[in-house]
Amino acid sequence: MLGAMNTDPRLFVDAPLSEGGELILERDQAHYLVSVMRRQPGDGVRVFNGRDGEWRAVLASAAKREARLELAERLRDQAVPPPLTLYFAPVKKARTDFIVEKATELGARAIIPVLTRRTNAERVRAERLSALAREAAEQTERLDVPVIGDPVRLDALLDAWPEGRCLIFCDETGGVPMLEALMGVREEGGDPEQPWAILIGPEGGFAPEERERLRALPGVLAVSLGPRILRADTAAAAALALWQAVLGDWS
Ligand code: SAM
């Protein structure tokens, strides 16, 4: 659980973190600390790398292009969210950004764009989405940054789908109410440690042949998110929240 809100800025760093260690921050992060957050030498900064927990560091020297941090103490041990992957069909840029940001805040461990028949946003820039996910992880007190996968075609994903792996298929034409489906899994003692996945379609929804194939796949739970048609970004956030509440780390 989180302690009292620590207002020191948080940064993801791709470097080992250990007592007495030192970090050299490159230009962007130095600029953020010195020019945006107006931190000065002696101020505290929190750093995490997705492996060694969260550490308190002290800004030892600060210049516009480079800053040096000295690691002081570990504040939190490493913890990772449950093994939940969000597969989503990319939509218009701003809404795709929203999906990646909210999926990060809601604890998805991986976020993978899926190209379906009706996906009209084939161009997905993974490095841009990774930067969005990193920023969201920094701000949401996560200790890891979700993996942003390379776009995969739905057919290829299903061709390689591991036998029996559970896929929660959010079907806008209807299905078992998602909460009911998840409560059923929990009552049957479903293993939250198994790799779970949620699939959200594009603005134009799933094509009939896609729906047919998905519903025929063993391990697929075709679920409804209620009587209204939600936008893809709303559906992604709603499905992730429901999963975390029933099987994830909210309970
Ligand atoms: N034609 C609509 C549209 O353009 O908004 C439907 C597509 S909807 C935005 C995109 C995706 O959100 C769907 O493919 C589905 O995965 C999910 N979704 C939206 N509403 C849903 C609901 N009521 N039940 C289950 N999934 C839903």
Side-chain angles (χ1 to χ4, degrees), residues 82-124 129 132-133 136 146 148-161 165-186 190 195-248 250:
L84 174 62
T85 297
L86 173 69
Y87 291 98
F88 76 101
V91 287
K92 288 187 180 54
K93 181 171 159 297
R95 291 190 174 279
T96 289
D97 292 0
F98 181 91
I99 290 174
V100 169
E101 199 175 68
K102 299 312 150 197
T104 301
E105 293 172 47
L106 288 163
R109 199 184 286 179
I111 305 167
I112 302 179
V114 174
L115 305 179
T116 69
R117 296 258 192 296
R118 297 176 183 169
T119 303
N120 60 17
E122 304 246 340
R123 211 176 68 77
V124 175
L129 298 183
L132 269 175
I148 303 293
D150 291 328
V152 59
R153 302 209 68 81
L154 179 61
D155 290 338
L157 178 70
L158 300 185
D159 287 347
W161 195 258
R165 182 179 171 194
C166 198
L167 173 63
I168 298 171
F169 160 42
C170 294
D171 184 349
E172 69 276 5
T173 65
V176 176
M178 185 168 170
L179 178 60
E180 194 180 306
L182 294 185
M183 292 301 284
V185 169
R186 189 162 81 170
W196 281 84
I198 292 173
L199 172 65
I200 301 286
E203 284 102 340
F206 287 98
E209 63 275 20
E210 291 172 328
R211 177 169 293 105
E212 199 179 319
R213 183 172 181 194
L214 279 159
R215 284 178 171 270
L217 199 67
V220 167
L221 273 177
V223 299
S224 165
L225 293 172
R228 287 167 291 281
I229 296 289
L230 311 176
R231 281 186 173 275
D233 43 337
T234 312
L240 285 162
L242 268 173
W243 189 91
Q244 288 291 13
V246 178
L247 294 177
W250 285 10

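Throughout, numbering of the chain's residues begins at 1 and tracks the sequence. When a ligand or atom number is given, it counts from 1 through the structure's own listing order.
For atom 24 (N) of ligand 1, the closest heavy atom belonging to the protein is Leu225 N, 2.7 Å. From the protein, the heavy atom lying nearest to atom 13 (C) of ligand 1 is Glu172 OE1, 3.1 Å. In this structure, the protein non-hydrogen atom closest to atom 12 (O) of ligand 1 is Ala235 CB, 3.4 Å. The protein heavy atom nearest to atom 11 (C) of ligand 1 is Gly201 O, 3.4 Å. The single protein non-hydrogen atom nearest to atom 15 (C) of ligand 1 is Cys170 O, 3.2 Å, given as residue, atom name and distance.
Set against the non-hydrogen atoms of Asp171, the atoms of ligand 1 under 4.0 Å away are 24 (N), 25 (C), 26 (N). Close contacts between ligand 1 and Arg231 involve ligand atoms 9 (C) [criterion: under 4.0 Å to a heavy atom]. Atoms of ligand 1 lying under 4.0 Å from at least one heavy atom of Leu230, given by number and element, are 8 (S), 9 (C), 12 (O), 19 (C), 20 (N). In summary, the atoms of ligand 1 found under 4.0 Å from a heavy atom of Val223, numbered by their order in the structure, are 25 (C). Heavy-atom proximity to Phe206, at under 4.0 Å, picks out these atoms of ligand 1: 14 (O), 16 (O). Residue contact check: Ile229 has heavy atoms under 4.0 Å from atoms 2 (C), 5 (O), 6 (C), 20 (N) of ligand 1.
Residue contacts with ligand 1: Pro227 is placed with no nitrogen or oxygen under 3.5 Å of a nitrogen or oxygen of the ligand (distance criterion only).
Counting heavy atoms from C-beta outward, Arg165 and Thr85 have side chains that approach closer than 4.5 Å. Using a 4.5 Å cut-off on side-chain heavy atoms (C-beta onward), Thr96 and Phe88 make contact. Looking at Arg213 and Leu158, their side chains come closer than 4.5 Å, going by heavy atoms from C-beta outward.
Partner of Glu203 under the side chain to side chain contact (heavy atoms under 4.5 Å, CB included) criterion, chosen from Arg95, Arg118, Lys92: Lys92.
With Arg228, Arg211, Glu203 as candidates, the residue nearest to atom 1 (N) of ligand 1 on a non-hydrogen basis is Glu203. The residue from Gly175, Gly205, Pro202 that puts a heavy atom closest to atom 10 (C) of ligand 1 is Pro202.
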Would Leu115 and Arg153 count as a side chain to side chain contact (heavy atoms under 4.5 Å, CB included) here? Give the steps. CA-CA 5 Å; Leu115 305 179; Arg153 302 209 68 81; 3.9 Å; yes

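A distance of 10.5 Å separates CG in Asp150 from CG in Leu129, rounded to the nearest 0.5 Å.
Formation of a donor-acceptor pair under 3.5 Å by the Arg109 side chain with backbone atoms of Leu84 is not found in this model. Side-chain N or O atoms of Arg186 include one that pairs as donor or acceptor with a backbone N or O of Val246 at under 3.5 Å.
Taking the six-membered ring wherever Trp is involved, the centroid distance between the rings of Phe169 and Trp161 does not fall below 6.0 Å.
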